[in-house]
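Here is the naming used below: chain letters follow the sequence lines, and residue numbers restart at 1 for every chain. Worth knowing before you read on, the calculation uses all heavy atoms, side chains too, and leaves out hydrogens, waters and symmetry mates.
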2 protein chains.
Amino acid sequence: MRLEWLEDILAVAQTGSFSEAAERRHLTQSAFSRRIQNIEEQVGAELFDRSRKPVHLHDHVEAQRDQIAHVARLLRQLQADLRRGGRMAENKLILTSQHSLTTSLTPSIIREIGTRRRDIFIRLRSANLTDCFAQLLSRQAAILIVYRLPGQQHPILETYVESITLGSDRFIPVIAPDTPAARGAADALTDLPYVAYPADVFFGDVFERQILPKFRDPNSLAPKAETALTLASLEMAQMGVGVAWVPESLARPAILAGRLADLSDRLPHCALEVTGVRLVDDPTPVEAAVWEQLSAFRV
Amino acid sequence: MRLEWLEDILAVAQTGSFSEAAERRHLTQSAFSRRIQNIEEQVGAELFDRSRKPVHLHDHVEAQRDQIAHVARLLRQLQADLRRGGRMAENKLILTSQHSLTTSLTPSIIREIGTRRRDIFIRLRSANLTDCFAQLLSRQAAILIVYRLPGQQHPILETYVESITLGSDRFIPVIAPDTPAARGAADALTDLPYVAYPADVFFGDVFERQILPKFRDPNSLAPKAETALTLASLEMAQMGVGVAWVPESLARPAILAGRLADLSDRLPHCALEVTGVRLVDDPTPVEAAVWEQLSAFRV
DNA sequence: CCCCAACATGCAAATCATGCATATTGTATC
DNA sequence: GATACAATATGCATGATTTGCATGTTGGGG
């Protein structure tokens with residue numbers, strides 16, 4: 001098994017065609033075709049369904065697609081780590097943040113630490129809340145940056161982790177101005193089209209526990225789409241799908257640019273805390289240093 | 001990056017020499033030497049220190065050794081999954097158990113399920129308690145089989161997981177008969193030599209909370225060795241290092257064979273529960289079937 | 001039923017990996 | 001330190017693999 005092969009498979013999965021994948025992989029179509037044959041032979045199974053014309057992945061390969069991408073990432077990371085060698089080995093720290101924070105508040109936090117401690121090398125990962133804690137528990141991450149409802153606990157017994165509040169945010173409803181949905185939202189509060197979150201992700205939970213109860217009639221809401229990613233939700237709001245509840249920090253650029261309107265004066269919203277989390281046992285020197293920097297930090 | 005390369009690196013790490021590694025990898029020494037050179041070139045860094053004669057890994061490679069082994073496992077697993085193809089795809093389930101259970105009670109549980117539902121394919125992983133829960137949370141495992149102190153909670157908020165008791169076990173002190181340490185244990189209870197667990201593993205916690213308090217004088221215990229693995233602890237006890245506290249199920253074969261003596265009538269011991277754990281959200285059909293089998297099961 | 005885009009294959013050139021024989025280099029021993 | 005020895009590197013010929021180009025084959029839309 002080779003990283004190359006994984007990348008080949010992913011290229012086909014993404015482009016939906018051997019020829020395009022070949023181009024992306026900087027090979028001729030013929031060479032690529034034979035590479036795929038070789039991969040199938042080495043793996044010992046047919047990976048692609050050629051019976052229909054734009055070839056597509058067999059179901060069982062499609063099912064492994066995330067895993068393939070994941071392992072490919074690990075391999076590239078491993079290679080980078082080996083190449084970088086010992087140069088930064090001791091001062092490396094893995095910080096994982098919730099997807100929605102990765103694109104908004106986390107970068108500034110990391111920039112700040114990077115500015116103050118140039119000798120520390122921070123690797124940022126991104127995951128959903130559950131995976132964040134999984135990474136922390138399995139020590140794949142030293143520190144998490146995640147949202148929490150004020151006054152609530154993290155989904156781990158407090159005896160295992162220690163947390164600090166880094167700042168506050170708000171979970172607010174936004175909508176694209178000048179759309180039918182926006183006018184509807186302005187008028188009556190019936191059948192308000194909105195972008196929902198699945199129940200099993202953090203913001204699905206927040207929505208159900210903090211936002212829904214504040215509606216007099218829960219039926220006045222009409223889910224138009226569902227996504228687990230706040231970024232996708234934000235995007236849908238901008239496309240005019242309906243109202244989306246997202247962290248204010250994430251929506252701010254779009255609001256300032258006029259692409260979204262903040263409806264928190266008319267529709268329910270709630271407060272969010274941005275927190276840093278680490279395991280309670282003895283931290284490495286780098287970890288301690290970063291934690292100290294975080295403690296002095298406020299978003 | 002290739003699985004082959006990772007295996008080459010690991011072979012060198014394990015054998016401590018290019019020549020031996022070459023043999024293990026079924027290559028001549030010369031070919032292997034050049035493969036290593038090629039790997040280093042491709043990776044873009046020197047991986048081995050040749051300045052001393054049995055070559056050894058550079059520190060930064062040694063530091064990545066676990067990660068290399070981990071990624072290699074993932075790659076092999078991925079290949080196996082792709083090869084097996086869709087054949088068992090639907091009826092596959094990953095079950096992770098605590099190391100100490102993996103070699104004692106878990107196999108019989110899996111055998112039982114395998115007997116009753118021949119169509120279900122169970123993959124067993126093994127990890128320490130923390131990693132078990134990390135795998136569960138990140139959905140790398142569908143079901144866990146882990147120890148728990150009776151009446152205690154799992155280290156995850158109960159709202160996230162559901163658990164059943166599969167049976168009971170005991171955490172008992174054992175010792176190799178006819179050793180100086182054994183005679184010491186029989187006589188006076190002073191400076192009792194024993195095998196300790198680190199504080200941050202499950203049995204370290206159990207020992208500290210359940211066993212230690214039952215000693216009148218905690219100083220009557222003299223730790224002779226420390227290991228995180230119950231199996232290693234068991235082994236040390238058999239070698240005569242001193243008393244080791246281990247799950248009874250794990251020690252039973254050695255006790256029956258006369259290689260170890262059960263001291264639970266004279267020294268503190270405590271009860272353990274063997275539990276099955278899964279996430280509360282909607283299980284797949286296979287998962288539900290296995291859970292049902294488990295519910296009917298008693299060790 | 002035909003055509004075209006998508007995929008496969010024959011072939012020769014280039015590249016790469018391997019084994020054998022042999023050179024070089026660390027290290028232990030005297 | 002000189003010497004012997006074991007570990008690693010290298011020169012070279014050989015065979016396997018990979019690639020591009022040209023061309024063949026096939027599935028699906030019109």
A/F202 and A/Y197: aromatic ring centres closer than 6.0 Å? no
Between atom CD in B/E20 and atom P in D/dA7, what is the gap in whole Å? 8 Å
Applying a 4.0 Å non-hydrogen cut-off, can you work out what B/Q37 is touching in the nucleic acid: base, sugar-phosphate, or nothing? sugar-phosphate
Any Lys/Arg nitrogen of A/E4 or A/R25 sitting under 4.0 Å from an Asp/Glu carboxylate oxygen of the other? no
From the set C/dT27, D/dA9, D/dT18, return the single nucleotide nearest to any side-chain atom of B/R50. D/dA9
With distance as the sole criterion, do the side chain of A/S30 and the base of C/dC7 form a donor-acceptor contact below 3.5 Å? no
Output the single nucleotide from D/dG28, C/dG19, D/dT19 whose closest atom is nearest the side chain of A/R52. D/dG28
Within this structure, what is the CG-to-C1' distance between B/L27 and D/dT8, rounded to whole angstrom? 15 Å
How close or far is atom P of C/dA17 from atom CD1 of B/I39, stated in whole angstroms? 10 Å
Selection from C/dC7, D/dT8, D/dC21 that lies nearest to any side-chain heavy atom of A/T28: D/dC21
By nearest heavy atom, map A/G16 and B/R2 onto DNA chain C; which one lands nearer the 5' end? A/G16
Is the phosphate of D/dT17 approached by A/N38 (side-chain N or O, under 4.0 Å from OP1 or OP2)? no
Euclidean distance, atom CD of residue A/E23 to atom P of C/dA6 [Å, nearest integer]: 11 Å
Restricting to non-hydrogen atoms, name the atom on B/A142 and the atom on B/L93 that form the minimum distance, rounded to 0.1 Å. CB-CG, 3.9 Å
B/D8 and B/R2: salt bridge (Lys or Arg N to Asp or Glu O under 4.0 Å), yes or no, with the steps? CA-CA 10 Å; B/D8 286 342; B/R2 305 177 178 189; over 6 Å; no
Let's see if you can work this out: which of D/dT8, C/dA8, D/dG20 has an atom nearest to the side-chain heavy atoms of A/Q29? C/dA8
Starting at atom CG of B/D49, determine the distance to atom C1' of C/dG26, rounded to an integer number of angstrom. 12 Å
Protein-nucleotide distance (B/L47, atom CG; D/dT8, atom C1'), rounded to Å: 16 Å
To the nearest Å, how far apart are A/E4 CD and D/dT18 P? 9 Å
Ignoring hydrogens and geometry beyond distance, is the side chain of A/S17 in donor-acceptor contact with the base of C/dC7 at under 3.5 Å? no
Gap between atoms CZ and P, on A/R35 and D/dG20 respectively (whole Å): 9 Å
Please classify the nucleic acid contact of A/R34 as base, sugar-phosphate, or nothing, using heavy-atom distances under 4.0 Å. base
Regarding A/S19, tell me which of base, sugar-phosphate or nothing describes its non-hydrogen contacts under 4.0 Å with the strands shown. sugar-phosphate
With a 4.0 Å cut-off, would you call B/E40 and A/R83 a salt bridge? no
